[in-house]
Participant: 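Take a look at the following structure, please.
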Number of protein chains: 4
Amino acid sequence: MNSFGRLLRVTTFGESHGPAIGCVVDGCPPGIALAPEDFARDLARRATGRSRHTSQRHEADEVEILSGVYEGVTTGTPIALLIRNTDARSKDYDAIARQFRPGHADYTYWQKYGLRDPRGGGRSSARETTMRVAAGVIAKKWLADRHGVHVQGWLGQIGDIAPKGFDADAIEGNPFFWPDAAQVVELEAFMDALRKSGDSVGAKVVVDATGVPPGWGEPVYGKLSAELGAAMLSINAVKGVEIGDGFDAVAQRGSAHRDVMRADGFASNHAGGILGGISTGQPIRVSVAFKPTSSLRLPAPTLDVDGQEVEVITTGRHDPCVGIRATPICEAMMALVLMDQALRHRAQCGDVGDVSPRIP
Amino acid sequence: MNSFGRLLRVTTFGESHGPAIGCVVDGCPPGIALAPEDFARDLARRATGRSRHTSQRHEADEVEILSGVYEGVTTGTPIALLIRNTDARSKDYDAIARQFRPGHADYTYWQKYGLRDPRGGGRSSARETTMRVAAGVIAKKWLADRHGVHVQGWLGQIGDIAPKGFDADAIEGNPFFWPDAAQVVELEAFMDALRKSGDSVGAKVVVDATGVPPGWGEPVYGKLSAELGAAMLSINAVKGVEIGDGFDAVAQRGSAHRDVMRADGFASNHAGGILGGISTGQPIRVSVAFKPTSSLRLPAPTLDVDGQEVEVITTGRHDPCVGIRATPICEAMMALVLMDQALRHRAQCGDVGDVSPRIP
Amino acid sequence: MNSFGRLLRVTTFGESHGPAIGCVVDGCPPGIALAPEDFARDLARRATGRSRHTSQRHEADEVEILSGVYEGVTTGTPIALLIRNTDARSKDYDAIARQFRPGHADYTYWQKYGLRDPRGGGRSSARETTMRVAAGVIAKKWLADRHGVHVQGWLGQIGDIAPKGFDADAIEGNPFFWPDAAQVVELEAFMDALRKSGDSVGAKVVVDATGVPPGWGEPVYGKLSAELGAAMLSINAVKGVEIGDGFDAVAQRGSAHRDVMRADGFASNHAGGILGGISTGQPIRVSVAFKPTSSLRLPAPTLDVDGQEVEVITTGRHDPCVGIRATPICEAMMALVLMDQALRHRAQCGDVGDVSPRIP
Amino acid sequence: MNSFGRLLRVTTFGESHGPAIGCVVDGCPPGIALAPEDFARDLARRATGRSRHTSQRHEADEVEILSGVYEGVTTGTPIALLIRNTDARSKDYDAIARQFRPGHADYTYWQKYGLRDPRGGGRSSARETTMRVAAGVIAKKWLADRHGVHVQGWLGQIGDIAPKGFDADAIEGNPFFWPDAAQVVELEAFMDALRKSGDSVGAKVVVDATGVPPGWGEPVYGKLSAELGAAMLSINAVKGVEIGDGFDAVAQRGSAHRDVMRADGFASNHAGGILGGISTGQPIRVSVAFKPTSSLRLPAPTLDVDGQEVEVITTGRHDPCVGIRATPICEAMMALVLMDQALRHRAQCGDVGDVSPRIP
């Protein structure tokens with residue numbers, strides 16, 4: 001289960017401190033222009049070391065295309081992407097190789113497999129998400145070219161701080177993917193203090209996909225909402241997912257929640273663009289809760305592999321808020337789900353064509 | 001994609017007002033005692049017409065076992081279960097056969113397939129969830145017998161009302177699966193007023209699984225959290241899912257969130273029993289947000305199949321709060337995910353055995 | 001693994017002497033006209049008791065459509081089909097409930113599951129193939145309507161007897177699906193003598209699909225040949241599969257085997273319509289070897305469940321040559337594979353369109 | 001569909017003349033010792049240029065383990081293997097880049113994808129099978145260590161020549177995997193003449209797996225025979241598969257075919273170790289028909305991409321008989337199917353344990 005998707009199928013491999021990470025993207029339609037430099041923008045957005053507010057591990061993240069592309073376009077055969085790890089410092093982990101960091105996957109991997117690769121968290125490291133972002137680039141490209149679909153994420157909350165305004169143009173202009181430029185100074189001070197304290201904090205990422213036509217998604221177990229939920233909850237540190245109004249819907253009345261339909265469009269989008277598991281044609285909105293990371297300089301009681309109570313301190317290079325860099329990861333997962341569903345919809349309903357009324 | 005699970009695989013079929021609904025449960029181990037009466041309790045818990053607070057459709061919900069059981073035990077071959085629909089009143093739907101109820105799957109099914117079965121919502125009806133509950137009975141049985149795992153859900157919120165206390169013994173003693181008996185009178189008054197108003201309300205269901213050993217779940221895309229998320233978000237009307245602290249983790253510090261491990265156990269369970277996608281041995285907790293249903297007596301503007309603006313009123317028998325009856329459905333989905341993951345764990349790691357330290 | 005196919009997905013259930021057999025066909029495109037009477041012709045072709053040369057079990061084989069069809073057309077939701085068993089005579093099996101018939105699945109089911117349903121062979125009975133034929137009817141319909149593809153099988157050998165001539169019109173005119181009417185009298189005499197002797201015999205079924213466009217099939221593990229092979233080898237009693245020239249290719253030279261391409265067509269079809277796992281546009285030909293059945297009146301030494309050596313005699317109603325009735329079963333499996341691959345091809349390559357040169 | 005298997009899942013990638021080929025083996029149990037040198041023997045057995053009777057392309061075939069192994073043992077996370085292509089001579093293919101070789105996948109890839117990578121056949125090249133052999137090494141290791149299962153293949157026919165005797169020890173002592181050493185001189189002369197003629201020839205590979213316990217395999221669509229059939233038919237150039245007696249069973253009587261069971265064992269093995277899709281405990285035998293390759297120096301009429309009739313001559317380095325080197329490939333596919341089925345069996349029937357009577 002290191003694969004994701006049904007027709008557009010992504011398989012990733014690699015450990016944080018192994019020789020390389022990579023992925024195989026299978027089922028991609030032929031004829032899509034693809035070059036190594038296409039991956040640069042999103043990998044940079046996700047990269048560690050981009051600002052002082054994220055982990056200081058500096059990876060080159062150079063993508064080698066090993067297969068599936070000939071004369072600059074995809075051939076329909078599996079696209080293999082490879083990134084060599086270049087800045088792994090495994091000795092940071094010697095101290096904790098025999099300890100279980102509270103809140104981390106150390107203990108559960110140990111219990112499941114009877115052994116574990118402690119260097120940088122091994123397979124449980126968020127390093128794996130690099131390949132999700134790479135695979136997502138292909139999906140974003142196809143969605144934009146073929147269907148005019150665009151995916152954009154931003155930070156919707158960090159600790160107790162929420163955006164006061166929303167300016168889409170501000171998002172890419174600061175290291176927090178924050179939609180209100182006026183708050184960036186406040187955020188920088190908040191993060192500097194947090195980093196100094198040795199602690200970490202949670203965050204909420206919001207992702208919108210615009211341009212999705214009505215009809216994508218499979219009812220029942222393949223609902224668009226179900227697959228988006230699985231996609232997001234498969235990302236490291238995620239503890240919650242909402243579609244549209246999400247948990248706010250618990251306190252709502254049906255008369256307020258339902259999105260009234262008029263000839264000139266829907267009057268609202270409480271549904272987040274999905275009804276019955278199928279896209280409505282409105283923007284698809286997903287919110288994702290990231291927990292605060294558990295690799296802290298602050299000591300904590302824990303156990304070692306012999307069952308002895310010890311104190312653990314993590315001294316490696318870690319993000320004080322993983323949610324920040326998760327923004328492009330959430331976008332990638334959204335794009336992968338949408339492209340997969342688009343292909344499945346074409347398979348089953350390719351003869352249906354456009355149906356009236358199509359609400360703008 | 002009317003199938004769910006990888007090794008324990010459930011396929012459901014049937015429409016709200018068709019002749020029958022049913023499911024096929026494939027991959028079940030042989031030798032489990034199973035009889036038609038085993039399904040009665042959970043189907044009654046989910047059933048409509050159990051109290052005046054839910055839909056007044058009265059279905060007998062009698063399960064016929066068509067295959068997979070011989071001399072009272074499962075044989076390892078697919079278990080097919082069938083329930084005939086007995087109280088469908090399709091004429092209720094004549095008025096809305098050509099209209100799209102706002103907030104309902106009417107419009108999206110129409111857009112996807114170019115046609116739809118309007119009787120009772122057809123396949124998009126929550127009637128389908130009856131078979132999830134039936135399949136879940138088998139999983140609950142195996143989990144309890146083989147691993148001592150128990151799954152219990154309750155209502156964690158309805159509209160603005162949350163439980164003041166928590167008494168596990170109270171849950172099954174009232175029609176709301178409410179864990180504080182002292183609030184039941186208040187809830188009844190609330191629901192009576194709601195029903196009279198013609199409106200509906202959202203709800204939150206919480207489910208705990210106790211007794212799950214550490215090590216279940218597959219890292220990366222098959223994370224326990226990801227599969228629980230997909231399971232819950234595949235249920236009708238679900239708009240959000242949380243594992244453990246869920247969205248509360250956004251505002252938490254890492255030093256507070258991480259669950260400290262001591263020889264006598266974990267000090268807390270913010271993680272909801274899952275780290276790195278794998279069970280920790282603590283109770284697994286999932287919270288699920290249900291939106292208020294959109295089938296209301298209150299009129300709303302909408303469109304018809306010709307694109308004309310019309311007013312829609314839904315007069316069929318509907319739940320003012322679908323979240324109430326969703327409690328056993330969420331339990332069933334939790335049980336199905338856990339049993340599937342238990343079988344997968346045995347497949348890959350059957351030789352690993354118990355590993356020290358095992359935290360109680 | 002009682003499911004077959006990836007996008008068009010068939011799940012079957014039911015035992016030979018259980019209350020019913022059935023299937024769920026998921027992923028079918030919407031808008032296909034479908035009625036219970038559509039299944040009659042192929043079920044009759046497969047039915048037992050059609051002539052004195054097959055088992056004398058007389059099943060009504062009346063198909064009930066439980067879901068997925070509304071106002072006479074498919075809706076895109078799962079199509080469930082049910083057939084009640086009406087002529088099961090389980091007492092025939094009392095004698096052998098504790099014995100393992102040599103050459104039968106009795107022993108292997110027992111070893112796998114630790115128990116078995118001995119009535120009529122339970123799940124291992126060819127009764128299951130009834131639902132394959134039913135599901136295949138849907139695939140045949142779609143293939144013919146949408147793509148002009150037609151699937152036709154016949155008997156290519158029975159014991160040592162092979163057809164002397166080939167007349168497609170003769171196939172449906174005799175109880176053996178034999179393509180040379182002049183040999184039918186000989187075959188009847190052969191089968192009468194065989195039946196009298198208490199023995200059984202093997203057979204070879206050949207199936208052609210005409211009208212398949214070039215481009216269907218997925219290279220590598222999803223080759224059309226691989227999926228046709230799995231489809232045929234999943235039928236009871238099958239021990240071999242050939243594509244095109246099959247084992248004859250072992251003794252051929254490449255200069256003779258390769259099918260030369262000219263502007264007016266291929267010069268030959270040694271490949272059986274498949275190159276590199278993908279259809280060429282020529283007829284797809286598959287040959288299937290059926291072993292002689294092992295349920296014989298002739299006694300044989302064997303073991304019972306206590307490990308004692310005993311003599312077994314099978315007295316139930318059995319086919320002296322299962323290959324005969326397997327003809328429509330092989331057709332059904334061919335049709336299901338082709339429709340599934342056609343949908344997958346549309347998903348990935350729906351934008352490719354027709355490519356020159358297209359060889360007629 | 002560049003993936004194979006359900007629980008032990010192999011995904012391959014790479015083109016004949018791309019920078020590298022590779023695979024990801026997912027679902028492997030933890031704790032298996034694995035090093036790069038483990039792959040050497042089987043890769044050498046499959047390698048081109050091993051004798052003058054196979055293609056003269058000389059690939060180093062050095063395996064790099066990119067992930068999934070820590071301190072010399074598997075960790076349970078995906079094992080990625082990479083082999084760089086070092087001896088690709090793409091200019092050999094300039095002449096045929098716009099022509100379709102008869103009997104080759106050139107035309108069908110073109111029709112499916114609308115474009116193709118002509119260098120060395122791109123993805124359709126048998127170079128892909130290198131990674132099957134590598135993945136198979138892991139499966140062979142686990143099967144031998146955990147279950148005492150051994151897989152051995154040999155050449156059962158080449159052109160019209162069949163082995164006269166059978167000596168298991170002779171197989172690895174000659175470049176033909178031929179079980180009768182006395183015939184090797186004859187074979188060498190045959191191959192030398194064939195190579196000189198510019199033609200190619202077909203072959204039959206036979207593979208036995210010994211030590212398989214009874215009970216592996218899933219009845220109905222996951223039959224051991226069905227999955228072995230798909231596995232073999234997914235190999236390049238395969239046109240037929242037999243289990244046990246295969247097509248010989250067509251002419252047999254049931255009284256002769258059925259394998260009588262006695263307390264000291266089965267009296268024969270016409271079934272090839274599989275009944276009802278499940279292993280009997282006897283050796284599993286599969287025979288595979290390879291067609292003669294179609295890349296010949298001998299000219300043939302064909303079409304080019306403009307639909308013009310042209311003459312094609314293939315001058316690259318090709319095998320005059322691909323069946324020879326296919327022996328370890330067939331072994332690998334057998335091992336992968338068996339390990340996958342063993343894991344699935346443990347998942348569903350892990351509690352069943354050994355059942356009496358167990359025939360030796």
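The structure presented is a predicted model; accordingly, all values stated were derived computationally and were not measured. Below, chain A is the first sequence line, B the second, and so on; all start at residue 1.
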Participant: Taking side-chain contact (heavy atoms from CB on, under 4.5 Å) as the criterion, tell me which of S356(C), P357(C), P214(C) meets it with W110(D).
Facilitator: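 For W110(D), the side-chain contact (heavy atoms from CB on, under 4.5 Å) check succeeds only for P357(C).
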Participant: Given a strict heavy-atom distance threshold of 4.5 Å, which part of R358(C) is in contact with chain D: side chain, backbone, both, or neither?
Facilitator: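 Looking at R358(C), backbone and side chain both touch chain D.
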Participant: Taking all non-hydrogen atoms of both residues, which atom of A251(C) and which atom of Q157(D) are closest, and how far apart?
Facilitator: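 Heavy-atom minimum between the residues: CB-NE2, 4.4 Å.
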Participant: Using non-hydrogen atoms and a 4.5 Å limit, figure out which bit of S279(C) sits close to chain D: side chain, backbone, both or neither.
Facilitator: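 For S279(C), backbone heavy atoms alone lie under 4.5 Å from chain D.
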Participant: Which atoms of L228(C) come close to chain D, meaning under 4.5 Å heavy atom to heavy atom: side chain ones, backbone ones, both, or neither?
Facilitator: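 L228(C) has no heavy atom closer than 4.5 Å to chain D.
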Participant: Tell me, do E227(D) and M1(C) make a side-chain contact under 4.5 Å, heavy atoms counted?
Facilitator: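 When only atoms from C-beta onward are counted, M1(C) and E227(D) do touch, with a gap below 4.5 Å.
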Participant: For D304(C), which atoms come within 4.5 Å of any heavy atom of chain D: side chain, backbone, both, or neither?
Facilitator: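 Looking at D304(C), just its backbone touches chain D.
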Participant: Using side chain to side chain donor-acceptor pair (under 3.5 Å) as the criterion, list what pairs up with Q99(D), not counting sequence neighbours.
Facilitator: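 Residues passing side chain to side chain donor-acceptor pair (under 3.5 Å) with Q99(D): none at all.
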Participant: Is A203(C) close to chain D through its backbone or its side chain, or both, or neither, when contacts mean heavy atoms under 4.5 Å?
Facilitator: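 It is the backbone, since no side chain atom gets that close.
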Participant: Does any heavy atom of chain D fall under 4.5 Å from the side chain of T302(C), the backbone, both, or neither of them?
Facilitator: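 The answer is both parts of T302(C).
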Participant: With only heavy atoms counted, which part of Y113(C) is less than 4.5 Å from chain D, the side chain, the backbone, both or neither?
Facilitator: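 Both the backbone and the side chain of Y113(C) come within 4.5 Å of chain D.
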Participant: Checking Q308(C) against chain D: side chain, backbone, both or neither under 4.5 Å from a heavy atom?
Facilitator: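 Looking at Q308(C), nothing touches chain D.
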Participant: Please look at V310(C) and chain D and tell me whether the side chain, the backbone, both or neither of the residue comes under 4.5 angstrom of a heavy atom of that chain.
Facilitator: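 Contact with chain D is absent: no heavy atom of V310(C) under 4.5 Å.
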Participant: Hey, is the main chain of A271(C) close enough, under 3.5 Å, to the side chain of K239(D) for a donor-acceptor pair?
Facilitator: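 Yes: the side chain of K239(D) pairs with the backbone of A271(C).
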Participant: Tell me if a side-chain donor or acceptor on K112(D) pairs with a main-chain N or O of G217(C) at a distance below 3.5 Å.
Facilitator: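 Judged by distance alone, yes, a pair lies under 3.5 Å.
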Participant: Are F247(D) and E242(C) side-chain neighbours, meaning at least one heavy-atom pair lies under 4.5 Å?
Facilitator: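 Side-chain contact under 4.5 Å: yes.
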Participant: For A263(D), does its backbone N or O pair with a side-chain atom of E309(C) as donor and acceptor, under 3.5 Å?
Facilitator: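 Answer holds: yes.
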Participant: Please look at V305(C) and chain D and tell me whether the side chain, the backbone, both or neither of the residue comes under 4.5 angstrom of a heavy atom of that chain.
Facilitator: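 Backbone only.
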Participant: With a 4.5 angstrom heavy-atom cut-off, is it the side chain or the backbone of S295(C) that approaches chain D, or both, or neither?
Facilitator: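 S295(C) has no heavy atom closer than 4.5 Å to chain D.
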Participant: Side chain, backbone, both or neither: which part of F266(D) has a heavy atom under 4.5 Å from chain C?
Facilitator: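 The answer is the side chain of F266(D).
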Participant: With a 4.5 angstrom heavy-atom cut-off, which part of S124(D) approaches chain C: side chain, backbone, both or neither?
Facilitator: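 Looking at S124(D), nothing touches chain C.
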Participant: Under 4.5 Å from any heavy atom of chain C, what part of V288(D) do you find: side chain, backbone, both or neither?
Facilitator: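 Only the backbone of V288(D) comes within 4.5 Å of chain C.
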Participant: Heavy-atom distance under 4.5 Å to chain D: side chain of F100(C), backbone, both or neither?
Facilitator: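 Both backbone and side chain.
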Participant: For K223(C), which atoms come within 4.5 Å of any heavy atom of chain D: side chain, backbone, both, or neither?
Facilitator: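 Just the side chain, heavy atoms under 4.5 Å.
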Participant: Using a cut-off of under 4.5 Å for heavy-atom pairs, which of N2(C), L194(C), L233(C), N236(C) has the most such pairs with chain D?
Facilitator: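 Of the candidates given, the most pairs with chain D belong to L233(C).
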Participant: Would you confirm whether T108(C), through its side chain, and L275(D), through its main-chain N or O, come within 3.5 Å as a donor-acceptor pair?
Facilitator: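 Indeed, once roles are kept as given, a pair shorter than 3.5 Å links the two residues.
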Participant: Could you check whether any side-chain N or O of Y107(C) sits under 3.5 Å from a backbone N or O of M261(D), counting only pairs where one atom can act as donor and the other as acceptor?
Facilitator: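 Here the side-chain-to-backbone pair does not exist.
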Participant: So which part of E128(C) gets closer than 4.5 Å to some heavy atom of chain D, the side chain, the backbone, both or neither?
Facilitator: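 It is the side chain, since no backbone atom gets that close.
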